[in-house]
There are 2 protein chains.
Amino acid sequence: MSAETHSAPRTARELARAELTRAIKQSASEQLAEVGPSALSLRAVARALGMASSAVYRYFASRDELLTALIIDAYNSVGEAAEQADAQAKAEGHPPTGRWLAVNRAVRAWALANKHQFELVYGTPVPGYAAPQDTTVAAARMPLTLVGIYNEAHPEFPADRPQPEPGLITETIAELITVPEGRGRLILAWSGLIGVLSFELFGQFNGVVTDYAKYFDYTARATAAELGLG
Amino acid sequence: MSAETHSAPRTARELARAELTRAIKQSASEQLAEVGPSALSLRAVARALGMASSAVYRYFASRDELLTALIIDAYNSVGEAAEQADAQAKAEGHPPTGRWLAVNRAVRAWALANKHQFELVYGTPVPGYAAPQDTTVAAARMPLTLVGIYNEAHPEFPADRPQPEPGLITETIAELITVPEGRGRLILAWSGLIGVLSFELFGQFNGVVTDYAKYFDYTARATAAELGLG
DNA sequence: TCGTAAACGAGAGCACTGCTCTCTAATTGA
DNA sequence: TCAATTAGAGAGCAGTGCTCTCGTTTACGA
């Protein structure tokens with residue numbers, strides 16, 4: 001993860017480096033999808049690529065750094081899925097509630113299709129995790145899609161419900177959510193969305209819910225109603 | 001985890017076995033609290049007890065089985081914390097909302113005090129996890145406390161909100177929640193509670209929420225309002 | 001009471017992991 | 001062309017989960 005990764009490769013060596021970095025990440029991603037984060041082995045990745053395990057350390061300083069790269073990819077992956085779903089729902093002329101439901105469903109579909117990526121991002125953090133600044137911008141994409149829907153909806157927020165006191169939410173986030181009354185609720189909806197998916201994927205709903213897809217739709221609709229989306 | 005563990009030990013050998021099983025679990029629990037589930041090492045547990053690592057396998061067939069034992073303990077631990085908090089709030093004559101808030105706070109306090117146990121239970125499931133029948137009864141204690149509050153509250157449920165269609169929730173669970181209109185909401189509140197705590201503990205709220213304790217109180221109050229608790 | 005069967009603990013060993021170090025070969029820019 | 005940097009390979013270290021074997025201890029029925 002040195003600087004030349006982000007700049008355009010000029011020499012053959014830099015090109016080879018960029019290509020191999022990409023290949024390592026892809027191979028790691030495939031292994032992640034198969035065995036999950038905890039069982040992801042740097043040696044196995046090296047083996048799959050036909051190189052010595054020590055050589056991988058020229059590209060990623062540690063297993064955790066490799067995982068961090070995969071975390072960023074995963075965040076971007078959900079974010080893109082959410083953005084695409086919203087763009088399509090918007091193009092089809094759906095009202096805010098429809099867009100909200102579409103994005104929620106897209107996130108669930110992504111989670112089901114990429115179970116181990118979901119684990120990696122929303123499950124227990126990896127031991128040596130540092131949460132570098134690089135991840136935050138990627139992590140924000142999905143929730144910001146939800147914020148966008150809310151901001152455009154001109155929601156009617158019931159006045160008699162509990163409000164978070166001023167200053168509870170970070171200034172930068174508060175500015176992004178232009179409808180002040182919904183700030184607390186929107187963040188709650190976001191964590192609730194992931195919470196429901198965690199429960200479904202991690203088996204907490206075993207013997208509680210019968211039809212996961214339908215129950216998820218219900219929760220998405222319930223949340224939309226609480227947000228006052230039209 | 002053989003049968004004689006659960007029956008009263010008669011012989012000296014059975015007594016020693018029960019004692020050692022307990023000692024292994026306790027040592028493992030201490031190590032869990034220090035280094036977390038992923039770094040819990042069976043060999044280190046054996047070392048701490050001054051025994052050969054192979055000897056531990058006489059008591060727990062695998063590392064996963066040891067972790068499963070700790071999972072059950074953790075579930076009972078939260079469950080007990082929740083029950084105690086509710087009992088005290090009830091004894092103090094608090095209305096349902098007060099009891100709800102007390103239990104929610106107790107769960108959060110438990111999670112903060114037992115971060116790694118929370119990870120173990122509500123984070124990424126352990127790889128070889130089986131979710132045996134043993135865990136379900138322990139796992140149910142905390143959510144059943146929430147159910148109890150709700151059932152006693154005679155909540156007034158707003159009629160115009162989305163309802164889960166009949167049959168979406170397991171028969172056994174549906175019977176436990178005596179107010180049909182709140183079944184979907186209550187389960188949502190449960191997963192939402194854990195979702196918020198996951199976000200707080202796993203760093204997802206970094207740069208979003210300023211005061212975690214106050215924000216948590218807000219979410220608990222908001223959920224209580226949605227449930228129509230008095 | 002005694003002898004057999006079961007349980008126990010220790011140790012060696014296997015295959016694997018992350019990671020470091022050293023050494024050689026290739027590539028680079030001056 | 002040549003010194004400096006970089007890549008790759010291999011050996012090695014310390015650790016892991018788990019298995020197998022081998023004596024030893026305990027329990028229980030004849």
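Side-chain atoms are counted along with the backbone in the values below, which use heavy atoms only and exclude waters and symmetry mates. Lettering of chains follows the sequences in order, A, B, ..., and the numbering in each one begins at 1.
Between Y122(A) and F199(B), the two ring planes are parallel [angle under 30°; tilted spans 30° to 60°].
Looking at heavy-atom distances under 4.0 Å, A16(B) makes no contact with the nucleic acid at all. Within 4.0 Å of L40(B), counting heavy atoms only, lie sugar-phosphate atoms of the nucleic acid but no base atom. Counting non-hydrogen atoms under 4.0 angstrom, S53(B) reaches a base of the nucleic acid. At a threshold of 4.0 angstrom between heavy atoms, the contacts of S54(B) include nucleobase atoms, whether or not backbone atoms are also involved. At a threshold of 4.0 angstrom between heavy atoms, the contacts of L66(A) with the nucleic acid are absent.
With distances taken from any side-chain atom of Y57(B) to the nucleotides dC28(D), dC18(D), dA10(C), the minimum falls on dC18(D). Of the candidate nucleotides dT26(D), dG8(D), dG9(C), dT26(D) has the atom nearest to the side chain of R13(B). Checking dC22(D), dT16(D), dG8(D) against the side-chain heavy atoms of A44(B) singles out dT16(D) as nearest.
For an aromatic pair to be called close, the ring centres must be under 6.0 Å apart, and Y218(A) with Y215(A) satisfies this.
Phosphate proximity of dG17(D) to S41(B): present, with a side-chain N or O under 4.0 Å from OP1 or OP2. For dG8(D), one of the phosphate oxygens OP1 or OP2 lies less than 4.0 angstrom from a side-chain nitrogen or oxygen of Y59(A).
Rounded to whole Å, the distance from CZ on F60(A) to P on dA7(D) is 13 Å. dT25(D) atom P lies 16 Å from atom CE of M51(B), rounded to whole Å. If you take CZ of R17(B) and C1' of dT25(D), they are 15 Å apart, rounded to a whole angstrom. The distance between atom CD of E19(B) and atom P of dC8(C), rounded to the nearest whole Å, is 14 Å. Summarising the geometry, the separation between CG on L42(A) and P on dG8(D) is reported as 14 Å, rounded to the nearest angstrom. What separates CZ of R58(A) from P of dA9(D) is a distance of 11 Å, to the nearest Å. What separates CG of L67(B) from C1' of dT16(D) is a distance of 14 Å, to the nearest Å. Here dC8(C) presents its C1' atom at 14 Å from CD of E14(B), a figure rounded to the nearest Å.
Using a 3.5 Å distance cut-off with no hydrogens or angles, the side chains of E30(B) and Q26(B) do pair a donor with an acceptor.
Residue G123(A) comes nearest to F202(B) through the heavy atom pair O-CD1, 3.4 Å, listed as atom of the first residue, atom of the second, then distance. Considering all non-hydrogen atoms of both residues, I169(A) and R183(A) come closest at CD1-CB, 3.6 Å.
Side-chain N/O atoms of R63(A) and base N/O atoms of dG18(C) include no donor-acceptor pair closer than 3.5 Å.
Comparing R43(A) and A52(A), the nucleotide of DNA chain D nearest to each residue sits closer to the 5' end for A52(A).
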